[in-house]
Amino acid sequence: MDSAANSKTKVGLIGLGLMGQPMGMNLLKAGFPLTVWNRTPSRANDLVALGATLVTSPKEVAAASDVLMTIVSDPPALEAVRQRFGRAGRSETGQHVH
């Protein structure tokens, strides 16, 4: 990544469906460092090809990010992501997942 990207806020994105994928593309085009996770990892392929970092858990996204966004299909999917954080939806860095 270039120096402009290194000075920007690190963004984490959980959920790479119809809304998450285009948002991730726009974040990368704007030069934001992007860390992503999706239940189906192959959904991240295009973003990774453009410079995003794919991690293996929502906790890893939170640990690598200044700002964390979740864009999942429905409340049960969001609850499944929250459960992966443990401690009532809090990441190890203290961020709260909504």
Side-chain angles (χ1 to χ4, degrees):
M1 297 223 166
D2 62 14
S3 61
N6 291 334
S7 67
K8 291 201 175 190
T9 302
K10 295 180 280 185
V11 179
L13 183 57
I14 295 172
L16 304 175
L18 293 176
M19 289 180 61
Q21 181 85 351
M23 287 181 70
M25 295 279 191
N26 287 331
L27 287 163
L28 288 168
K29 287 178 187 174
F32 286 94
L34 182 64
T35 301
V36 298
W37 178 84
N38 196 71
R39 290 180 291 179
T40 305
S42 62
R43 297 290 300 242
N45 290 348
D46 291 342
L47 295 173
V48 170
L50 293 174
T53 301
L54 175 63
V55 295
T56 60
S57 74
K59 281 185 182 183
E60 288 180 72
V61 176
S65 306
D66 299 316
V67 174
L68 178 61
M69 297 185 290
T70 57
I71 306 171
V72 295
S73 58
D74 54 26
L78 180 58
E79 186 58 32
V81 169
R82 286 186 54 161
Q83 288 176 3
R84 288 178 180 250
F85 276 92
R87 294 181 22 224
R90 291 202 179 273
S91 73
E92 292 173 4
T93 60
Q95 296 162 314
H96 195 83
V97 178
H98 296 279

* **Set of side-chain contact (heavy atoms from CB on, under 4.5 Å) partners for Asp74, sequence neighbours left out** =>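 Applying side-chain contact (heavy atoms from CB on, under 4.5 Å) to Asp74 gives Pro76, Ala77.
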* Structure fact -> Thr53 meets the side-chain contact (heavy atoms from CB on, under 4.5 Å) criterion, sequence neighbours left out, with Thr35, Val55
* Structure fact -> When every non-hydrogen atom of Ser57 is compared with those of Trp37, the smallest separation belongs to N-CD1, 3.4 Å
* To do: Measure across Pro22 and Gly17 and return the closest heavy-atom pair with its distance rounded to 0.1 Å.
  => CD-O, 3.9 Å
Point-to-point distance, once rounded to the nearest 0.5 Å, from [atom1] of [X] to [atom2] of [Y]:
X     : Y     : atom1 : atom2 : result
Phe32 : Asp66 : CZ    : CG    : 10.5 Å
Arg82 : Ile14 : CZ    : CD1   : 12.0 Å
Leu34 : Lys8  : CG    : NZ    : 12.5 Å
Leu68 : Lys10 : CG    : NZ    : 13.0 Å

Which pairs would a plain distance check flag for residues 38-51, meaning a side-chain donor or acceptor within less than 3.5 Å of a matching protein atom at least two apart in sequence or in another chain?
unit_1	atom_1	unit_2	atom_2	d
Asn38	OD1	Leu16	N	2.8
Asn38	ND2	Thr40	O	3.1
Arg43	NH2	Leu16	O	3.3
Asn45	ND2	Ser42	O	3.3

* To do: Can you spot which of Thr70, Val36, Val67, Val61 makes a side-chain contact (heavy atoms from CB on, under 4.5 Å) with Leu13?
  => Val36
* **Within-4.5 Å side-chain heavy-atom neighbours: Met23 and Val11** => no
